[in-house]
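Below is one structure, written out as structure tokens; the observations come after it.
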Amino acid sequence: MAAPAGAPNILLILLDDIGFGQAGVSGGPVPTPHMSALAGQSAQLTRFHTTSLCSPTRAALLTGRNHHRVGFGTIVEGSTGFPGYNCALPNTAATVAKTLTLNGYNTAWFGKNHNTPDWESSAAGPFDRWPTGLGFEYFYGFHGGETSQFEPQLYENVSPVEPPADPDYHLTEDLVERARSWISKQKSSAPDKPFLAYVATGAVHAPHHVPAAYRDRFAGQFDIGWDQVRADTLARQKELGLVPDDTVLTDRPEGIAAWDTLSDDEKRLYARMQEVFAGFVSHTDDQIGRLVSVLDEIGIRDDTLVVLIVGDNGPSPEGGLTGTVNNMATQNGLPDTLEAILPFIDELGGPLHENHYPVGWAHAGAAPFQWMKQVASHLGGTRNFAALSWPGHIEPGVRSQFHHVIDIAPTLLAAAGVEQPAKVDGIEQLDIDGVSLDYLFAAPDADGLRTTQYFEHGGNRAIYHDGWIASARHGVPWQLTGSKGDFNDDVWELYDLDSDFSQARDLAAEHPDRVAELTALWEKEAWANNVFPLDDRFAERAIDPLRPSLIRGRREFRYFAGATRIPEGVAPPTKNVSHRIIGHVTLHDASTNGVVVAAGGRSAGFSLYFDDGVPVYHYNFFGRGRYVVRAPKPMEAGDHEVAVEFIADVEHKPGTGGILRLAVDGRTVAEGRAEHTVPGRFSPTESFDVGMDLGSPVTDEYSAPATFSGTIHDVVVQLIGEEEQG
């Protein structure tokens, strides 16, 4: 089928983990000249909303349906079996790419995919919920919430690929170059056929990995601290006309220190962390400039609708109160300390660390709003700047109507002149929840069409209706383990957003009837969209024995040579339980080197490897503890069995310590202890690999991929601890 006459090309750009007050395009402290130039040609949406978390926002963006309604009440690593949280996009909610492909478009996805269930992301598939199964004809990017910008775990369509061995490699540059090339080739091959190119950067999500040339670009500029930066941001937002002149700066939450109360060491470290993050934002802006410039280079700018969404949620609090050099540790509920981070201050931004700033900078980055990422109850978690440009079709200027990410898919269909189908591949489709923004293209002051929208994540709840929003916050977002209390104890606040842009004046005490009306409306919307049951867990979800799984019930796993890039979500569940790893190998000489089996990487993981014929087991506990058992001498050439056994101190206790035993041909040759182990995840994207260690190395004792120089016959993993009853 040919696309409708006049259907535009579509370039959809989504940035990661950046708030309303961080990029210069929306008044933030980091100049973003390329995004600002694009915004100057665009409808600038200053009351645009996301879901407060990445996977849910992306599901809503691509389907036009509310996130719980399509199973995405959380991220894929935290999925449960409940309908609103299974993280399995249903075939009753076809993506906008699927619809456009069926209507004459070419479609491609570059970058982050956080919408394929991790139990479906192995070589066994199924592949119907990979990007190429969701309507995109081409995919180049990564699965999971985050990845190293220097050593990413990439896929092309459904096949794993490795980044080039280039010391100057950076993922954002790679994604942009791939997208530019695809657009150029598509227009060379079919100049009259429109395309949808969806570019979802891993930037600027932690780890804040920044090319060396950008790391010092903002040296000294954040010594004034987060409180002053926040105030300065609001002043710039007013100057740009993005917020009303009477907008009030909301209060700093209890628990986040005032900058002036910090020690000299804290100020020095935290300012440096923000300098590195600012360099990351600046680098990303330069890449957005390179991406958009291809439209001018091949002469299709006037024929292209560009949608830029600056963030899938508010700024991230997951660095904790002190920031961190290991973002995965904090996401496992293990905060960092000033004393542990300071020795690495000069290495921040490079490949050796998964650095993330402290929560004070997240609060500043949400200016002028309350709270941040995860907090779906308040605008700091859900309001993101967006811009839509289509020369000759969209009048540039500010749009202040209330809208939501579910409104993007119907907007793209309307621009393309394509009706939302009642059936796709013979399957009846769920109604679209979003409304098209095309009514605002030429009428900036039109009455807004979105009158109601619910929000929820982790028990944080809100409901917008006719200019008012009722909000109930549940706990603090830097608490990533343990219950945050009884949901019934949460206090509902009330704000008149028509007169209070920043959600600063709580009017609940003055309007109890309106609070009651809105909370009843929230509950109605929640039941209609599969929001219940509420669940405030974060790190614990990853080790819930009842979460969806490809491997539940298995006690033994056998892998063969070449079994690599097995995602952590479907790898043997060795965490928090006694287990044995056995390698049957042939050594061709007495100086064999390389990895027999490894899981994880520099952030955390384990590796069983040979060092000049000597078998070694290395367990990396977030770089904070490295537990090594090493044989006393090299092994002779020939066939051997090398094994490591972990005997947990307490079965199924998250993070339990235990005994490590290394055995050769059935005889123990070394013994030690792991005082701590990883309770939840080594990494969102690092893998389980037989015969090598892909991605970043578990230990710097070797360089990745550290391919085994002998022959591997198989690797067997046995769970020998008491089976957990569920």
Using ring-ring contact (aromatic ring centres under 6.0 Å, His included), reason through His404 and Phe455 one step at a time and then give a plain yes or no.
CA-CA 10 Å; His404 189 269; Phe455 298 86; 5.6 Å; yes
Residues forming a salt bridge (Lys or Arg N to Asp or Glu O under 4.0 Å) with Asp433, sequence neighbours excluded
Arg69
Can a donor-acceptor pair be found, under 3.5 Å and without considering hydrogens, that links the side chain of Arg58 to the backbone of Asn115?
no
Please lay out, stage by stage, how Trp109 and Tyr198 fare under the test ring-ring contact (aromatic ring centres under 6.0 Å, His included).
CA-CA 5 Å; Trp109 177 338; Tyr198 171 43; 5.1 Å; yes
Glu318 with Lys373: basic N within carboxylate O range, under 4.0 Å
yes
Geometric cation-pi criterion Lys484 and Phe538, 6.0 Å radius, 45° cone:
no
Of Asn313, Asp16, Thr51, Thr382, the residue whose pairing with Thr57 passes side chain to side chain donor-acceptor pair (under 3.5 Å)
Thr51
A side-chain contact here means heavy atoms from C-beta on lying under 4.5 Å apart; do Asp17 and Asp312 qualify?
yes
Would you check, one step at a time, whether the test side-chain hydrogen bond (donor to acceptor under 3.5 Å, both in side chains) holds for His68 with Tyr454?
CA-CA 11 Å; His68 295 87; Tyr454 84 91; 3.0 Å; yes
Please determine whether a side-chain nitrogen of the Lys or Arg among Lys575 and Glu568 lies less than 4.0 Å from a carboxylate oxygen of the Asp or Glu.
yes
Kindly check if the number of other-residue, nucleotide or ligand heavy atoms within 6.0 Å of CZ (Phe82) is above 12?
no
Pi-cation contact, Phe48 with Arg399 (under 6.0 Å, within 45°):
no
Charged N to carboxylate O under 4.0 angstrom, Arg681 versus Asp118?
yes
So, applying side chain to side chain donor-acceptor pair (under 3.5 Å) with His49, which one of His403, Arg383, Gln453 is it?
Arg383
Is the gap between the ring centers of Trp522 and Phe532 under 6.0 Å?
yes
Are a donor atom and an acceptor atom from the side chains of Gln153 and His143 found within less than 3.5 Å of each other?
no
Please work out whether the ring planes of Phe501 and Phe369 are parallel, tilted or perpendicular, with thresholds of 30° and 60°.
tilted
Please name all residues satisfying salt bridge (Lys or Arg N to Asp or Glu O under 4.0 Å) with Glu120, sequence neighbours left out, ordered by chain then number.
Arg129
Counterpart residues, salt bridge (Lys or Arg N to Asp or Glu O under 4.0 Å), relative to Asp489 (two or more places apart):
none
